[in-house]
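All values derive from a computational prediction rather than experimental measurement. In what follows, chains carry the letters A, B, and so on, assigned in the order in which the sequence lines appear, proteins first and then strands, with residues in each chain numbered from 1.
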Protein chains: 2
Amino acid sequence: MRATRAEISASLLDRGLRCTSQRYAVLQFLLKHPCHPTAEEIHGVVNRRDPRVSRATVYNSLHALVGSGLVREVKLGGDATRFESHIERHHHFVCDQCGGIEDIEWFEPGGITHLSGMTSRSIRALVLQGLCEPCVAKNKQYSSGEES
Amino acid sequence: MRATRAEISASLLDRGLRCTSQRYAVLQFLLKHPCHPTAEEIHGVVNRRDPRVSRATVYNSLHALVGSGLVREVKLGGDATRFESHIERHHHFVCDQCGGIEDIEWFEPGGITHLSGMTSRSIRALVLQGLCEPCVAKNKQYSSGEES
DNA sequence: TTTTGTGCAAAAGGTTTGCATACGA
DNA sequence: TCGTATGCAAACCTTTTGCACAAAA
C-alpha cells in the first residue's frame with residue numbers, strides 16, 4: 001500500500017510494461033486506495049492532477065495492469081466494472097441497498113461445493129449479496145416505528 | 001412453466017398490471033425459457049413474432065414485471081442485465097470462461113456467515129464464480145498434451 | 001531509434017427518457 | 001372514457017477502436 005516510486009516503477013518493468021506517467025498514476029491510485037473504483041472514478045482523480053490523461057488511456061492502462069496481474073478487475077453487478085490492487089485471493093460482499101463493496105477474507109468454499117452438490121465444478125471466488133451492517137441498522141430503525 | 005394464457009393474464013391483473021400483448025409476450029417467453037436472457041435477447045424473440053414491439057417497451061415491461069415480483073432481475077457481472085421467471089430463492093453459478101449461468105438450489109449460507117465472521121450482515125444470495133463442468137473438462141483436455 | 005503508449009474523436013453496446021398516440025379495463 | 005402503456009427517436013453512460021503523434025527503453 002505504501003509503495004515508493006521506484007517500487008511501482010520496478011513492478012511495471014518486471015512485467016514488461018513501460019513505466020509511463022499515466023500508468024504510474026493509475027497504479028499508484030489503486031495502491032493507495034483499497035476501495036473498488038470504477039474506470040471513470042480513476043480517470044476523474046488522475047485527470048484532475050494531470051489533465052493530459054485521457055479516458056482511453058485510463059482504460060488502456062487498466063487493461064495492461066490487469067493483464068500483467070498487478071490489478072484485478074471485479075465485476076460485481078453494478079453498472080461499471082471496478083478495479084482493485086488487492087490481488088490476493090478473496091471474496092466480495094456487495095450491499096443490495098447502498099451498493100457498498102467489502103472484501104471478505106479468503107476461505108475455502110469447499111463446504112459450499114458440498115452443500116450444492118457441485119463436486120465437478122471448480123469455484124474461484126464468491127460474491128455475497130445482502131445488506132451491510134449500516135443498512136441493516138438503518139432498516140431496523142425505520143421498521144421500529146420512528147416515523148419522523 | 002406451462003402456464004396458460006388465462007393464468008398469465010390473471011397473474012398480471014392480480015398485481016395491478018394491465019395485460020398488454022407486449023407484457024404478455026415478455027412474461028410468456030420468460031416462463032417458457034428457464035435460462036437467463038438479456039433484454040436484448042428477449043426483444044429479439046418477441047419482436048420477431050410481433051414487429052410492433054419496441055426495445056423501450058421490452059425494458060418497460062421487464063421493469064414492471066420485476067416491480068411486481070413476477071420476474072427477477074439478475075446482475076451477474078456480464079455486460080447486460082439478465083432476467084428470469086424463477087423467483088424462488090436460489091443462488092447462481094457463473095462460469096468465468098464461457099459465461100454460462102446456472103441456478104443453484106437454495107441452501108442457507110449460515111456456514112459462510114460464520115466462516116467470514118460476518119454475523120451482523122444479512123446475506124440474501126450467493127454468486128459462485130468458477131469453471132463449469134464442460135469448461136473444466138475442456139481445460140483438462142488441453143493441458144494433458146493433446147496439441148493437434 | 002524503434003517500439004509501445006497516448007490523445008482525440010467517433011462509434012458501439014446497453015439502457016433510459018420525453019412526448020404524442022394507442023389501447024386495456 | 002380515462003389513465004396507463006406503447007413507439008419512436010434521441011440522449012446517456014460505459015467501453016472500445018482507429019489513427020496520427022509522443023515518449024520510454
Side-chain angles (χ1 to χ4, degrees), chain A residues 5-6 8-28 36-68 70-71 73-83 99, chain B residues 5-6 8-28 36-68 70-71 73-83 99:
Chain A
R5 174 169 285 271
I8 294 179
S9 174
S11 64
L12 286 167
L13 294 174
D14 280 353
R15 287 166 177 79
L17 295 179
R18 287 188 181 173
C19 181
T20 67
S21 65
Q22 295 87 341
R23 280 219 266 255
Y24 178 86
V26 169
L27 180 52
Q28 191 199 32
H36 304 77
T38 64
E40 189 57 37
E41 286 163 355
I42 297 169
H43 177 251
V45 173
V46 170
N47 182 271
R48 203 170 306 130
R49 269 200 271 183
D50 176 1
R52 283 185 43 78
V53 178
S54 72
R55 215 175 305 271
T57 293
V58 170
Y59 279 101
N60 281 343
S61 300
L62 286 169
H63 291 160
L65 292 169
V66 169
S68 73
L70 286 169
V71 165
E73 196 178 2
V74 198
K75 294 193 161 198
L76 298 173
D79 296 339
T81 305
R82 293 174 176 277
F83 298 86
Chain B
R5 174 168 286 271
I8 294 179
S9 174
S11 64
L12 285 167
L13 294 174
D14 280 354
R15 288 166 175 79
L17 296 179
R18 287 187 181 172
C19 181
T20 66
S21 65
Q22 295 87 342
R23 280 219 268 253
Y24 178 87
V26 169
L27 180 52
Q28 192 201 31
H36 304 76
T38 63
E40 191 57 38
E41 286 162 355
I42 297 168
H43 176 250
V45 173
V46 170
N47 183 270
R48 203 169 307 132
R49 270 201 272 185
D50 176 2
R52 284 184 43 77
V53 178
S54 71
R55 217 175 303 272
T57 294
V58 170
Y59 280 101
N60 281 342
S61 300
L62 285 169
H63 290 160
L65 292 169
V66 169
S68 73
L70 286 170
V71 165
E73 196 178 0
V74 198
K75 294 193 163 197
L76 297 174
D79 297 338
T81 305
R82 293 173 176 279
F83 298 86

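By the 4.5 Å heavy-atom criterion applied to side chains, T57(A) and V26(A) are not counted as neighbours. No side-chain heavy atom of V45(A) sits under 4.5 Å from any side-chain heavy atom of P37(A). Annotation: side chain of R15(A) is not in contact with side chain of L65(A) (no heavy-atom distance under 4.5 Å). Taking the side chain as every heavy atom from C-beta outward, E41(A) and T38(A) approach each other to under 4.5 Å.
If you take CG of L12(B) and C1' of dG24(C), they are 12 Å apart, rounded to a whole angstrom. Between L62(B) atom CG and dT15(C) atom P there is a gap of 10 Å when expressed in whole angstrom units. With rounding to whole Å, D50(B) atom CG is found 12 Å from dT6(D) atom P. Atoms OH (Y24(B)) and P (dA25(C)) sit 13 Å apart, rounded to a whole Å. Remark: C1' of dG5(C) and CG of L13(A) are 14 Å apart, rounded to the nearest angstrom. Counting to the nearest Å, the P atom of dT4(C) and the CD atom of Q22(A) are 17 Å from each other. Atom P of nucleotide dT6(D) and atom CG of N47(B) are separated by 14 Å, given to the nearest angstrom.
With sequence neighbours left out, H43(A) forms a ring-ring contact (aromatic ring centres under 6.0 Å, His included) with no residue at all. Partners of A64(A) according to the side-chain contact (heavy atoms from CB on, under 4.5 Å) rule, which considers only residues two or more places apart in sequence or in another chain, are L17(A), R23(A).
Here T20(B) lies in heavy-atom contact (under 4.0 Å) with sugar-phosphate atoms only.
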Please list each protein N or O that sits under 3.5 Å from an N or O in nucleotides 15-22 of chain D, with the distance.
from	atom 1	to	atom 2	distance (Å)
dT15(D)	OP1	T81(A)	N	2.9
dT15(D)	OP1	T81(A)	OG1	3.0
dT15(D)	OP2	Y59(A)	OH	2.6
dT15(D)	O5'	Y59(A)	OH	3.4
dT16(D)	OP2	H63(A)	NE2	3.3

